[in-house]
Amino acid sequence: MPTLDFKGKQHIYAHHLTVPYRPLVADPEKSLNLADADDNLIIHGDNLHALKALLPRYAGKVKCIYIDPPYNTGNEGWVYNDNVNGPLFKEWFNQQSPVDGEDLERHDKWLCMMWPRLHLLKELLADDGVVFVSIDDNEQHHLRMLMDEIFGESNFRNIIAVARVKKNIREREHIRALNEGYNFVLFYSKSTDGLIIPPTTFHEKAARWHAFDAPGIRPSMEYELFGTTPPTGRHWMYSQERAEELVADGKLRPNPRTGAPQYLLDASTSTMLDTNWTDIQEYDTRFNFPNGEKNVALIQRILTMLDDSDAIVLDSFAGSGTTAHAVLALNQEDGGNRKFILVECEDYADTITAERVRRVINGIPGARDASRQEGFGGSFTYCTLGDPIDVEGMLTGDSLPEYSALAAYLLHTSAGLSVGASTISPQNDDGLFYSSDTTNYHLLYEPDLDYLKNNGGMLNEERAIRISALSQKEGRKAVVFGPGKYIGQRELTSMGVTFSQLPYEIHKAGQ
């Protein structure tokens, strides 16, 4: 398969693996209606670090990703600042200069920015998950090749065209380019397990089951279908026998939102999918829209393509929080329990992004729409990023993570496991914090340098015997993380115990 080469690629090829892990730190004052540990999230911070921070809890669990990254038009003034190590890269890349239209290498910089983020997004995506990326003609061709390389060419599903509002269609010397009336949404799945309900299911102009005029002529076709009968003097488009065959074949069913009969086009035939969403008008630039209404209809249509009303939906370029708005509105409409995760790096994460979500939840007095007045209900936890978990910080005591953050991180890096709860605590005096089908995981740790230097966290023979007895009783092995041990690994091996020393295990796990 052809691959895309760009300046700087060799320096950022594995950068997503070296991004330090920074735990999420909840801010109760900026949160709203705090719920359980798996609440909706709004994260303020660099989205590269935020995506890494989400891995211990959400790797392989996100059903839908929608992102609207910078389009790289040259008018956005976005800044690339991922602190990639390497003198050659730093020499080439002036990290503090915004990318603009005069930057002849702005496409390379955009690709360097997107590469590690797409890799981490793929790790977060469930095996049957799907990803949608909004883009315009500046980078659409580059993004297609980039996603082919990261997600796999065989997992490309389609390109959806979305109409721009007329005032945002650019003119070049009074000659309008043929494709400039549209932006695009690239649609990929993580694997062949990623299935959707065809967009035509909810696009009534394309797939509506019609009732035709025939007053008194075809009474045999005026039957009840899904609790609905044709208007007086009209009839359905097929006989009742044919309609029943279509229902049995799964080609005809009620629209989940309206209840009206809906004819399903073949989802396996991409040319039959409705990928020209001209009835949705999209705005080019973030915040250039009335009352923050960018793309609510677009994202809702994407979400209705998923046959999962409990889906976790992630947007790591959150902007004004439209994705959260769409999730909350759709939940109210169909009774779903979808969760959103938003990431916004700019300082307006609280004053614009989170504030809009607060208003969507609580309601806006005086709004023209009645549902806006009452609000959609819901909650979210507002988070920032804590200090990185690293070897040097733990050795000096300058950066000692909380128990739950370190345990979740070690569980993910050592076993590839992601736990849903944001807090993990030791279940006994021997640091048992998680049990899989095959293994008990123990962490002998407190965020206290004296504890780590003295005997409190040491694995001795007495403790090893207790850990071994518990794991053998349950038919499991045992893995113990701790600052040191007073027993040899040969003895531990005979007990079915594996010891991993802190803080060096962090360095090892992060490679």
Query raised in the report: Judged by atom type as modelled, is there a donor-acceptor pair below 3.5 Å linking the side chain of Lys190 to the main-chain atoms of Gly129?
Result: no
Query raised in the report: Taking NZ, NE, NH1 and NH2 as the nitrogens, is one of them in Lys63 or Asp127 under 4.0 Å from a carboxylate oxygen of the other?
Result: no
**Report entry** Heavy-atom neighbours of Gln10 CD exceed 12 at 6.0 Å
**Finding:** yes
Query raised in the report: Closest approach of Ala464 and Ile487, non-hydrogen atoms and distance?
Result: CB-CD1, 4.2 Å
Query raised in the report: In this structure, are over 12 heavy atoms from other groups packed under 6.0 Å from Asp429 atom CG?
Result: no
Query raised in the report: Is the ring centre of Trp115 less than 6.0 Å from the ring centre of Tyr13?
Result: yes
Query raised in the report: Can you check whether Tyr403 reaches Leu443 side chain to side chain, under 4.5 Å on heavy atoms?
Result: yes
Report task. On the 0 to 90° scale, with breaks at 30° and 60°, tag the Tyr409-Tyr21 ring pair as parallel, tilted or perpendicular. Result -> parallel
Query raised in the report: Do the side chain of His412 and the main chain of Ser418 share a donor and acceptor less than 3.5 angstrom apart?
Result: no
Query - Gln140, CD atom: more than 12 neighbouring heavy atoms under 6.0 Å - result: yes
**Report entry** Donor-acceptor contact present, side-chain Arg476 to main-chain Gln472, <3.5 Å
**Finding:** no
Query - Residues Lys109 and Glu105 bridged, charged N to O under 4.0 Å - result: no
Query - Residue pair Asn138, Asp136: steps toward the side-chain hydrogen bond (donor to acceptor under 3.5 Å, both in side chains) verdict - result: CA-CA 6 Å; Asn138 283 279; Asp136 75 355; 3.1 Å; yes
Query raised in the report: If only atom types and distance count, is the side chain of Gln501 paired as donor or acceptor with the main-chain N or O of Pro483 below 3.5 Å?
Result: yes
Report task. Assign the ring pair Tyr441 / Tyr434 to parallel, tilted or perpendicular, where the plane angle (0 to 90°) is split at 30° and 60°. Result -> tilted
Report task. Check whether more than 12 heavy atoms from other residues, nucleotides or ligands sit under 6.0 Å from atom CZ of Arg359, and answer yes or no. Result -> no
Requested in this report: Only counting residues at least two apart or in another chain, list the ones meeting side-chain contact (heavy atoms from CB on, under 4.5 Å) with Glu462.
Outcome: Asn460, Arg466
Query raised in the report: Are any side-chain N or O atoms of Ser31 and backbone N or O atoms of Tyr382, one a donor and one an acceptor, separated by less than 3.5 Å?
Result: yes
**Report entry** Geometric class of the Tyr188/Phe151 ring pair [parallel <30°, tilted 30-60°, perpendicular >60°]
**Finding:** tilted
Query raised in the report: Centre of Phe156's six-membered ring, under 6.0 Å away, within 45 degrees of the axis: is that where NZ or CZ of Arg144 sits?
Result: yes
Query raised in the report: So, Asn331 side chain and Arg338 main chain: donor-acceptor pair closer than 3.5 Å or not?
Result: yes
Query raised in the report: Salt bridge or not for Glu149 and Lys9, using N-O below 4.0 Å?
Result: yes
Query raised in the report: Asn47 side chain to Ser316 main-chain N or O, any donor-acceptor pair under 3.5 Å?
Result: yes
**Report entry** Name of the residue among Phe317, Tyr66, Phe187 meeting ring pair (Phe, Tyr, Trp, His ring centres under 6.0 Å) with Phe132
**Finding:** Phe187
Query raised in the report: With distance as the sole test, does Arg106 use its side chain to make a donor-acceptor pair with the main-chain N or O of Asn72 at under 3.5 Å?
Result: yes
Query raised in the report: Under 3.5 Å, is there a donor-acceptor pair between the side chain of Tyr58 and the main chain of Leu51?
Result: no
**Report entry** Close side-chain approach of Glu346 to His44, heavy-atom, < 4.5 Å
**Finding:** no
Query raised in the report: Under 30°, 30 to 60°, or over 60°: which ring-plane class applies to His16 and His119, parallel, tilted or perpendicular?
Result: parallel
Requested in this report: Using a strict cut-off of less than 4.0 Å between a Lys/Arg side-chain nitrogen and an Asp/Glu carboxylate oxygen, indicate whether Asp46 and Arg22 qualify as a salt bridge.
Outcome: no
